[in-house]
Amino acid sequence: MLRSHTCGDLRREHVGSTVTLCGWVSRCRDHGGLAFIDLRDRYGITQVVFHPGEGATLHEEGRSLRSEDVIQVTGVVEARAEKDVNPKLPTGQIDVRVKTLKVLNKSKTPPFEPGTSELPNEELRLRYRFLDLRRPALQQNMILRHKISKLTRDYFDSLGFLEIETPVLGRSTPEGARDYLVPSRVHPGAFFALPQSPQLYKQILMVAGYDRYFQLARCFRDEDLRADRQPEFTQIDVEMAFVEREDILSAIDGLVSHLINGIRGEQIPLPLPRYAYFDVMERYGSDKPDFRFGMELKCIADIAGRCGFGVFKSTIESGKRVRGLCAPQAADKYSRKTIDELTEFVKNYGAQGLAFFRVKDGALDSPIAKFFSAEDQKAIIERFDAKNGDLLFFVASDAKVTSAALAALRSRLGKELKLYDPMQMHAAWVLDFPLVTWNAEENRWDAEHHPFCSVHPDDVELLKTDPGKVRAQSYDLVVNGYESASGSVRIHDPAIQQTVFDLIGVTAEQAESRFGFLLDALRYGAPPHAGIALGLDRWVMMFAGNDNIRDVIAFPKTQKASDLMTGAPSDVDTKQLRELHIKSDVK
RNA sequence: GGGGCCGUAGCUCAAUUGGUUAGAGUACCGGACUGUCGAUCCGGGGGUUGCGGGUUCAAGUCCCGUCGGCCUCGCCA
């Protein structure tokens, strides 16, 4: 070992002992006589002191150190005088008087300094990821990620689950997200696909008798990125046999409790709250609302239909909806100009406009208030339980647009008005999603979750008569407005499976050619089974109180899915392409 | 594929309506300084304003294109 302690170890009790530390030079304070160096590693920061009394050569060497040099120092732990204690550092009661210094590696002048709080733009951070990862904030995220993985493995292990790895090189199944493809050298013209999730493998593991499976599985989806979405991410993948929905929900309740207790030391009440998809869409306009605050959506179709405001009236007459929300005590915080900005904002979600009313002296105050009778103004105020000083917003459009626009507005206002504690974790289930949704472009039904999701037992009859009303035995775990887990009870009967395929327009031949191996497996004694997958990256992000998934991934990709550090993806030799029987039409 | 924001010294930013030699802090280099912890003080070097066109007497500033980063709609079974 090149060191006796880390830079986070030393305390007053070590005073007098001789220690050896290694680390990176974080900051230098050179007084000509005394020179102070903040020495940093992932455990902390320790101040080391170069004293002129320890010899001119050593002193000069100490003074010549610069940011990010890697050094090894041996010295004596000394107590700081009371006035010199640094309360910001856990090691702030001591420093190390250096007796010998070894520069293990000199650093070039870094493009930015991990030791300062001022952050450069993200492009530079990604290009020099090794420097960015030296920052204590990112190191804490990596440590947090490790802890969550460890707690997860411990939890499932304690319940008798087996972690089983599934292939990364698999078969392309064209449904769902776009696949990342890997060409086969030995099968000219054929491709592997990287898994979007281990879905089919884990169901086959159930058939194979591994009735409690989990895996921290890397997944790949070639779709556009977002702040909370990377093309390559990690799922906590879970599947159980001989179970019902309830067993999955309670198993994951237990995991969530285990994680929150393990990371935050907090106990949460179980079971987690459960909501029906339909209710959540009606009350929040989103299937993944942030439940940490209220500000629920309300419908005013009755009032809108009889008011004098043409836009509202004609919307209701054409069978559409007028819904709104009440922003508490926001009337003075949002000027006409900022409301105009909000109007532009909701237009991104298809809304034509945004009607607003300030609540003032028990009535509505707005350019369009005159179109509403005093009774209707009062009725609106009562419906929202609005108080003087509140600000009401309304969107008139179909169910989809009013939901999307108001959900986005609710989310934005909740953040701007600080209606919740950003560090709070609130987890709740959303149940009974529709099995299928109508795809107007392709003129057919699409699976909402995936094609292997089983049908709610009460709704089997509706499959043939009114597919849009059929509920799936599926469930999402929603945390702080993020879809943090999603799963379902699976179909284990090949006949029902084919019924669902028929519904979503997959012929028996297509099903055989794409998923034949799964369908075949289901014919050889498939137990009833169900499962779920949690987005590990998002969980780490939420525990970190962060809203950027890149900060919890060691080597993330940019929005254009490239790696600025390595330069991936890159050109390859024509020789490689020839071996893979690939011709490119680029260039 | 669409919408928005951004790109000026190594870094973070400034630069009036288009107007003289593009500034500041920090980092870097040199000097002073024995208890600092965002050390302080003095001095110095450092710029193809992302790139390519265009308008103009004159472009960091206006226009077009392009590259890159971020946010977002679509997309993500």
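In what follows, every chain begins at residue 1, and chains take the letters A, B, ... in the order their sequences are listed.
- Partners of A/I339 under the side chain to side chain contact (heavy atoms under 4.5 Å, CB included) rule, at least two apart in sequence or in another chain, are A/Y334, A/T343, A/F356, A/R358, A/L391, A/F393.
- When ring centroids are compared, A/H31 and A/F36 come within the 6.0 Å threshold.
- Distance check on atom P: B/C63 versus B/C5 gives 12 Å, rounded to whole Å.
- Looking at heavy-atom distances under 4.0 Å, A/S197 makes contact with a base.
- B/C76 atom C1' lies 12 Å from atom CD of A/E448, rounded to whole Å.
- Side chain of A/W438 to main chain of A/R444: no donor-acceptor pair is present (N/O by atom type, distance under 3.5 Å, no hydrogens or angles).
- A salt bridge links A/E223 with A/R178; the closest basic N to acidic carboxylate O contact falls under 4.0 Å.
- Salt-bridge check for A/D340 with A/K337: failed, with every basic side-chain N at 4.0 Å or more from each acidic carboxylate O.
- Distance noted for atom C1' between B/C28 and B/U34: 25 Å (whole Å).
- If you take CD of A/Q196 and C1' of B/C75, they are 12 Å apart, rounded to a whole angstrom.
- A/D537 has its CG atom 15 Å from the C1' atom of B/C76, to the nearest Å.
- In this structure A/Y201 satisfies the ring-ring contact (aromatic ring centres under 6.0 Å, His included) test with no other residue, sequence neighbours excluded.
- Using atom P as the reference point in both B/U20 and B/U26, the two lie 27 Å apart (nearest Å).
- The backbone N or O of A/L462 sits nowhere less than 3.5 Å from a side-chain atom of A/D459 that would complete a donor-acceptor pair.
- For A/D476, there are no salt bridge (Lys or Arg N to Asp or Glu O under 4.0 Å) partners at least two apart in sequence or on another chain.
- Computed from coordinates, the A/E344 CD to B/C5 C1' distance equals 15 Å when rounded to whole Å.
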Which atom pairs link the protein and nucleotides 48-52 of chain B when you take only N or O atoms and keep those under 3.5 Å?
none

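- For A/I45, the side chain to side chain contact (heavy atoms under 4.5 Å, CB included) partners two or more places apart in sequence, or in a different chain, are A/D38, A/R40, A/L89.
- On the P atoms, B/G52 is 40 Å away from B/G31, given to the nearest whole Å.
- Comparing the C1' positions of B/G30 and B/G45 gives a spacing of 10 Å, expressed to the nearest Å.
- The two residues A/S197 and A/Q235 come nearest to each other via the heavy atoms CB-OE1, 3.5 Å.
- With a 3.5 Å ceiling on both atom-pair distances, the Watson-Crick or G-U wobble partner of B/C5 is B/G69.
- Looking only at distances, a side-chain donor or acceptor of A/D537 sits under 3.5 Å from a matching main-chain atom of A/T234.
- For the P atoms, the distance from B/U72 to B/G65 is 25 Å, rounded to whole Å.
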For this session: Quick one, give me the B/S/- string for nucleotides 65-72 of chain B, reading 5' to 3', where B means a protein heavy atom under 4.0 Å from the base and S means that only happens at the primed atoms, P, OP1 or OP2.
Result: ---SSBBB
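- Base pairing of B/U26 is made with B/G10, judged by Watson-Crick or G-U wobble geometry with both donor-acceptor distances under 3.5 Å.
- Counting to the nearest Å, the P atom of B/U12 and the CG atom of A/D132 are 12 Å from each other.
- Across all strands, A/P451 comes closer than 4.0 Å to base atoms (heavy-atom distances).
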For this session: Starting at the 5' end of nucleotides 34-41 of chain B, put B wherever the base has a protein heavy atom under 4.0 Å, S where only the sugar-phosphate does, and a dash everywhere else.
Result: BBBBSB--
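- Counting to the nearest Å, the C1' atom of B/G74 and the CG atom of A/N439 are 13 Å from each other.
- Within the structure, salt bridge (Lys or Arg N to Asp or Glu O under 4.0 Å) contacts touching residues 557-568 of chain A (residues at least two apart or in different chains) are A/E232-A/K557.
- If you take CD of A/E118 and P of B/G10, they are 15 Å apart, rounded to a whole angstrom.
- Atom P of nucleotide B/U8 and atom CG of A/L124 are separated by 11 Å, given to the nearest angstrom.
- Between the side chain of A/D551 and the main chain of A/N548, no donor-acceptor pair closer than 3.5 Å is present.
- Separating the P atom of B/A24 from that of B/A9 is a span of 15 Å, rounded to the nearest Å.
- Atom P of B/G60 sits at a distance of 11 Å from the matching atom of B/U21, rounded to the whole Å.
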Could you go through nucleotides 29-31 of chain B and list every protein N or O atom that sits under 3.5 Å from one of its N or O atoms, giving the distance for each pair?
{"residue": "B/C29", "atom": "OP2", "partner": "A/R66", "partner atom": "NE", "Å": "3.0"}

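- Contact of A/R229 with B/C76 (side chain to base): a donor-acceptor pair of N or O atoms is detected under 3.5 Å.
- No donor-acceptor pair under 3.5 Å is formed between the side chain of A/S397 and the backbone N or O of A/T402.
- A/D30 meets the side chain to side chain contact (heavy atoms under 4.5 Å, CB included) test with A/A35, A/R63; sequence neighbours excluded.
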What nitrogen or oxygen pairs link the protein and nucleotides 42-44 of chain B at under 3.5 Å?
none

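- Of all the heavy atoms in A/L34 and A/H51, the pair that sits closest is CD2-CD2, 3.5 Å.
- In terms of position on RNA chain B, the residue among A/R178 and A/F112 whose nearest nucleotide sits closer to the 5' end is A/F112.
- Here A/N439 pairs with A/D446 under the side chain to side chain donor-acceptor pair (under 3.5 Å) rule; sequence neighbours left out.
- Comment: A/R245 engages A/D432 in a salt bridge, judged by a side-chain N to carboxylate O separation of less than 4.0 angstrom.
- Using a 4.0 Å heavy-atom distance criterion, A/I45 is classed as making no nucleic acid contact.
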